[in-house]
Amino acid sequence: MTSKCLLVPFVLAALTLSTTFSLQPDQQQKVLLVSFDGFRWDYLYKVPTPHFHYVMKHGVHVKQVTNIFITKTYPNHYTLVTGLFAESHGIVANDMFDPILNKSFSLDHMNIYDSDFWEEATPIWITNQRAGHASGAAMWPGADVRIHKSFPTHYMPYNESVSFEDRVAKIIEWFTSKEPINLGLLYWEDPDDMGHHLGPESPLMGPVISDIDNKLGYLIQRLKKAKLWNNLNLIITSDHGMTQCSEERVIELDQYLDKDHYTLIDQSPVAAILPKEGKFDEVYEALAHAHPNLTVYKKEEIPGRWHYRYNSRIQPIIAVADKGWYILQNKSEDFMLGNHGYDNALAEMHPIFLAQGPAFRKNFTKEAMNSTDLYPLLCHLLNITTMPHNGSFRNVQDLLSSVTPSQIPYTQSTTLLLGSVRPEEYEQEEAYPYFIGVALGSIIVLVFSVIFIKHLIRSQIPALQDMQAEISQPLLQA
Ligand SMILES: [Zn+2]
């Protein structure tokens, strides 16, 4: 018994040693979510994008991400941080009218700061903060709006003239401060801006995509310099893709509708139409068969797969243009060579999705996911409880390495983690301490187990002999 009592602390010590090497403290859980607005899934292959491919090689890549309808910026960015369809999170378009609040929301006029529009959902930064963590957002759409009386712990008021480098500097500062954030959100306006301007099929988009790749390279370099690269989970995604438009493919509403009969709330490629009182049937009939490339729905007939019906901000009639077609009230209005907002089943509307970090598998490609699945994945990584959402963690669980977040290999910051370290080198850094720790721990446990069993057998031998004698006696009697 004495030997048993002595061995228990040794075994416990050995187990502790092995866990010290293999477990990562909770405060080490870090996630940086990056959105390059309008980065279509196949831009990765249009021109060489070495930094994107570098992340793919050392992390995961999802080939097809189905975003939400309508495939616009604000609805999709809010989905990424809530896991909800537009009808549920309430940001149903970039331009909206709420008949109950009797208020408008418009990107063009920047009157997007009305909290009422955002409070049908709770974005992840708030849930993260309620769990006692800190969040930081660099220009993420909606992150400078007061929602449920809160802002992110740190945020930059939206200003498109702030450079990418300055946004990255803020993110790094927040991750490395005395009270560091565990969730960072970083947003950049391109390639959306240039995609609208040039059209995605323009050869001039090549340099635009190369520039984004360089920006990603800059971010990776800064993360390495700040010694964040090895213990931070970096997720790179986007809100939507882009399709080529043409002045030959314009649908002019003035040709079919009397201007005085309706208000045009949102324009192209999903026209949100609010008929004037008593004019619903007239407007609907006039538009229903107006153009072969325009599909017109009464609100209650909007296809269920779009999850775009049950919200008062969705107007009584919506008219959806076919891919590459443009809706204008008349040709005097602005026209863009590239646009998005179309059916989310169209490949051209799909964004990218890559991720790299201790929680993710390496060099792993997955066929498909939904953008609503990102939210439960983020909550899992941050160890926070999800709010009700439309995503599925099961759908994306296979992106993670077999270890759970609380068991992510822990790598202490060392001088090896420099910005100039080559990929193979820091992959080894990540792997060696972990495996050496596990191996050492296992060997110690094994050695002590053998000694313990030996002692046990020796101490039990006389008792066993007695037992055998007792068993044999009744047999002899019978
Ligand atoms: Zn966008």
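All residue numbers refer to positions in the sequence shown, counting from 1. Atoms within a ligand are numbered from 1 in the order they appear, just like the ligands themselves.
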Taking the Zn ion (ligand 1) as the reference point, name the nearest N/O/S atom of Asp239. OD2
Could you tell me whether the side chain of His240 and the main chain of Lys72 form a donor-acceptor pair under 3.5 Å? no
Give the atom name of whichever N/O/S atom in Asp37 sits closest to the Zn ion (ligand 1). OD1
May I ask you to decide if the ring planes of Phe39 and Tyr43 are parallel, tilted or perpendicular, using 30° and 60° as cut-offs? perpendicular
Using modelled atom types only, decide if a donor and an acceptor are shared between the side chain of Thr176 and the backbone of Ile172 within a distance under 3.5 Å. yes
Using 2.8 Å as the threshold, say whether any N, O or S atom from Thr73 sits that close to the Zn ion (ligand 1). yes
Does Asp398 pair with Lys366 as a salt bridge, N-O distance under 4.0 Å? yes
Is the distance from the Zn ion (ligand 1) to the nearest N/O/S atom of His77 under 2.8 Å? no
